[in-house]
Amino acid sequence: MPVKVSVIVPVYNPGPYIEDCIASLLRQSLPPDAYEVIFVDDGSTDATPARLDALAAEHPHIRVIHQENSGWSGKPRNVGIEASHGEFVMFVDNDDRLGDEALERMYDYGVANKADVVVGKMAGKGRPVPVELFRRNHPHATVANAPLIDSLTPHKMLRRSFLDRIGLRFPEGRRRLEDHVFITEAYLRADNVSVLSDYVCYYHLKRDDASNAGFQRFDPAGYFHNLREALDVVERYTEPGPLRDRLLRRWLRVEMVERMSGRRLLAMPDDYRRELFKEMHAVVVERFGPGVAPGLRPGQRVVAALIREDRYDDLVAYAEWEAGVRPRAVPAGVAWRDGTLRIDLTAEYTTAQGELTVPANASAPPADGAPRDLAEAASWLAAAAGDGFDTATVDLIVRDRESAASFFQPVEVTRERVPAEDGTRLVLRATATVDPAQAAGGDPLYGGLWDLYVRVGLGGWTKECRLGPAPARGPALPQAGIVADRIVLPYWTKQYRNLSLDVDRAAKSLGLHRLTPADAAVSDAETLTVALPLYVPDRTQATLRLAGASGRTVDRPVVLTPADGVHALLAADLPLRELRNALWRTELRLAGGRTLKLPLLLRVGRTHGAVEVVRPSPPGMLRRLLRRARRLLGELLGTRTTTTTRRA
């Protein structure tokens, strides 16, 4: 079979962090003879070379190339390209991993859309990744119709013949931003770029020791010298005008303004951020014309203008103020409706002094220019929030706590201006719908813990926060639901009372332990019915397993049906002749594979039809231990009481 994809992995002293990468490459749904993995060992001095050689000896589709250390990832990737046999090449870092179906999905998507470049959805675990780019699929994306320029890491799939046709390779040597130069040119010269957003293809992971190359402090002069090379690519392949300005704006925003903003700036030592500021000022004055900065959001324009005007002290003061501006999202109601979770919430921005208000005399920010002082900057931004309130946005994102995979959910938004003592508060009210059957990019939510985040766009800010904390007296949460053969439990986190979803993990929190014989009945027609404290949207098939003391089991098909919107009514026909003269434990097995133990026993007598539903009692030894524990506890409490009295 022709090789469809060549995966190229530059390697340098990853230690144990390469294991997740290796495991994900071996788990790919693409057949092993349809893809190859090329590890290019760039002079590693740890045990990695031997580990890779052993791996290649075991798997024919894995190859290892050893070379002297080149100083960065450019040369290893180029060596991998030259050695590749695939129709496409895919670049993966040695401390990241792929989704299990990433190669198959990206290859099929690229072929179907005749793409030269395929960008797969990314999830960042401790590392930033683009969000807006992956709201939806873009089968025919360009830098003009999609925010491609937000994703300049090399973790893409590119057609090998395209790379050869235009002679595109990575810059080599000890340098930064070689991926910016490479990917920017690929975007600008490709016949088509396709963005796959309904499946997480790439997991960009932060190491526990924070030793990823991207987290190391860099030399500002060298870094911004390399950044100019990426700007050169834009200027080489675009004409002066709005598109070029928009592309150049990416480097102004991400590499300069965001580094010089809020908590990120304040976390750096003063001497280092002064070095950065000096280099940024030089690039801004030298390379960015008058059409670049005005396209930034209002707060970003303030930072850009302060950099251009060389006002470092004012920039730090603004960062201290801006660090206190953050969104707040409070849940107002959570309920099951037609198989979906409907979540009502309110959201607004706050400052260190309280809710963000728009003063009556707030002045609108100019398209360019820096504020005279911090008070004027705050007034500008408040006015911008008020002027843009009619287009303010709220997004609800469900994010897998383990992998950081994120998915947008449908949201309906209303906007309300609330009078305040010193102006007007801008309050966003929203209703979000989470459908567990298709919330993960059209697929069901898989097992794990899912945290809910709210993304608020207002006044030029777009920031995220957790949904919560919940008010002390509510809202009440609904019970767990069985949707798409998965158990979905909404719950408040213990420490901060934020809203999260437990999918197929909870056991004690489902309320089944509170079942009593009064919740069950056996009819003369030999039908067992149990009212379970679970929500089901419609008829759901499952299996009731009866387990006897002798080890014998009996499985019966059951149907769960909605009852009063609160309970799921379990109904199962019992073969009483097979169950006579025994005590049977009960458990419910869902089609998705989850097993729920029920705290109910069926006691079937010798006479046909004599069935009693009872609660299990502790075994004899356990009962004795419980009695002894209660007695010791009582004695201990009595002793403490006596001691307290004496001290008094």
Side-chain angles (χ1 to χ4, degrees), residues 3 5-15 17-18 21-22 25 35-53 55-56 62-86 88-98 116-117 151-187 189 202 204 207 211-219 221-233 236:
V3 176
V5 183
S6 297
V7 182
I8 299 170
V9 187
V11 177
Y12 180 71
N13 287 352
Y17 294 100
I18 198 172
C21 177
I22 291 172
L25 293 171
Y35 73 102
E36 63 178 355
V37 180
I38 303 173
F39 290 100
V40 183
D41 171 35
D42 197 42
S44 294
T45 58
D46 62 3
T48 303
R51 169 74 175 101
L52 295 178
D53 288 340
L55 186 71
I62 293 179
R63 288 188 283 154
V64 183
I65 299 173
H66 299 284
Q67 65 179 31
E68 293 183 1
N69 182 256
S70 66
W72 207 248
S73 299
K75 184 173 181 179
R77 292 191 184 114
N78 289 341
V79 169
I81 294 172
E82 298 304 326
S84 66
H85 300 118
F88 285 84
V89 294
M90 174 79 191
F91 299 105
V92 176
D93 284 348
N94 61 194
D95 41 22
D96 294 334
R97 65 181 177 88
L98 295 178
D116 289 327
V117 182
S151 181
L152 293 181
T153 62
H155 315 120
K156 317 286 188 284
M157 185 178 286
L158 297 97
R159 193 179 294 271
R160 169 66 191 275
S161 60
F162 162 68
L163 298 180
D164 291 342
R165 172 167 55 84
I166 68 172
L168 182 59
R169 295 294 188 269
F170 287 91
E172 298 183 1
R174 294 182 178 275
R175 51 160 298 126
R176 293 276 184 163
L177 303 180
E178 81 292 339
D179 45 359
H180 287 205
V181 174
F182 180 89
I183 295 297
T184 300
E185 183 167 348
Y187 285 159
R189 301 186 68 183
Y202 197 93
H204 202 28
R207 294 184 184 182
S211 61
N212 309 74
F215 283 92
Q216 306 311 305
R217 181 182 293 191
F218 55 80
D219 168 56
Y223 188 89
F224 287 99
H225 172 75
N226 295 149
L227 184 145
R228 287 175 171 88
E229 296 176 28
L231 305 182
D232 291 341
V233 173
R236 185 179 308 127

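A quick note: this is a predicted structure, and the numbers were derived from the prediction, not measured.
In this structure, the side chain of D93 does not engage the main chain of D96 through any donor-acceptor pair within 3.5 Å. One N or O on the side chain of W72 and one on the backbone of R175 form a donor-acceptor pair closer than 3.5 Å. No donor-acceptor pair closer than 3.5 Å links the side chain of E36 to the backbone N or O of V5. Under a 3.5 Å cut-off, the side chain of N13 and the backbone N or O of D46 do form a donor-acceptor pair.
The structure places CZ of R189 at 8.0 Å from CZ of R165, a figure rounded to the nearest 0.5 Å. Rounded to the nearest 0.5 angstrom, F182 CZ and L163 CG are separated by 5.0 Å. In this structure, OH in Y202 is found 11.0 Å from CZ in R97, a value given to the nearest 0.5 Å. Rounded to the nearest 0.5 angstrom, D116 CG and M157 CE are separated by 13.5 Å. A distance of 12.5 Å separates CG of D164 from CZ of R159, quoted to the nearest 0.5 Å. Atom CD1 of I62 is separated from atom CG of L55 by 4.0 Å, given to the nearest 0.5 angstrom.
With ring centers used as reference points, F170 lies under 6.0 Å from F91.
In this model, no donor atom of one side chain and acceptor atom of the other lie less than 3.5 Å apart for N226 and H180.
Counting heavy atoms from C-beta outward, I8 and V92 have side chains that stay 4.5 Å or more apart. By the 4.5 Å heavy-atom criterion applied to side chains, V7 and I38 are not counted as neighbours. For the pair H66 and F39, the minimum side-chain heavy-atom distance is 4.5 Å or more. Contact of the I22 side chain with the R51 side chain is registered, since non-hydrogen atoms from C-beta on lie closer than 4.5 Å.
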Before giving the answer on side chain to side chain donor-acceptor pair (under 3.5 Å), spell out for H155 and D179 the whole-Å C-alpha distance, their side-chain angles and the decisive distance to 0.1 Å. CA-CA 9 Å; H155 315 120; D179 45 359; over 6 Å; no

Could you go through S151 and K156, starting from their C-alpha distance and side-chain angles, then the distance that decides it, and tell me whether this counts as side-chain contact (heavy atoms from CB on, under 4.5 Å)? CA-CA 10 Å; S151 181; K156 317 286 188 284; 3.0 Å; yes

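In terms of heavy-atom proximity, N94 sits nearest to Y12 at OD1-N, 3.2 Å. Pairing each heavy atom of R160 with each of S84, the nearest pair is NH1-OG, 2.8 Å. Looking at every heavy atom in both residues, L158 comes nearest to A186 through CD2-CB, 3.8 Å. The two residues P49 and D41 come nearest to each other via the heavy atoms CG-OD2, 3.4 Å. P14 and T48 get closest at one heavy-atom pair: CD-OG1, 3.3 Å. Nearest heavy atom pair, residue A83 against residue R63, reads O-NH2, 2.7 Å.
Other residues, nucleotides and ligands place no more than 12 heavy atoms under 6.0 Å from the CD atom of E68. Around the CZ atom of R236, the shell of radius 6.0 Å holds more than 12 heavy atoms that belong to other residues, nucleotides or ligands.
In this pair, F218 and Y223 present their aromatic rings parallel. The plane angle is below 30°, not in the 30 to 60° band.
Put simply, the residue from K75, R169, R77 that forms a side-chain hydrogen bond (donor to acceptor under 3.5 Å, both in side chains) with E178 is R77. Just one of D42, D95, L52, V40 meets the side chain to side chain contact (heavy atoms under 4.5 Å, CB included) condition when paired with V11; it is L52.
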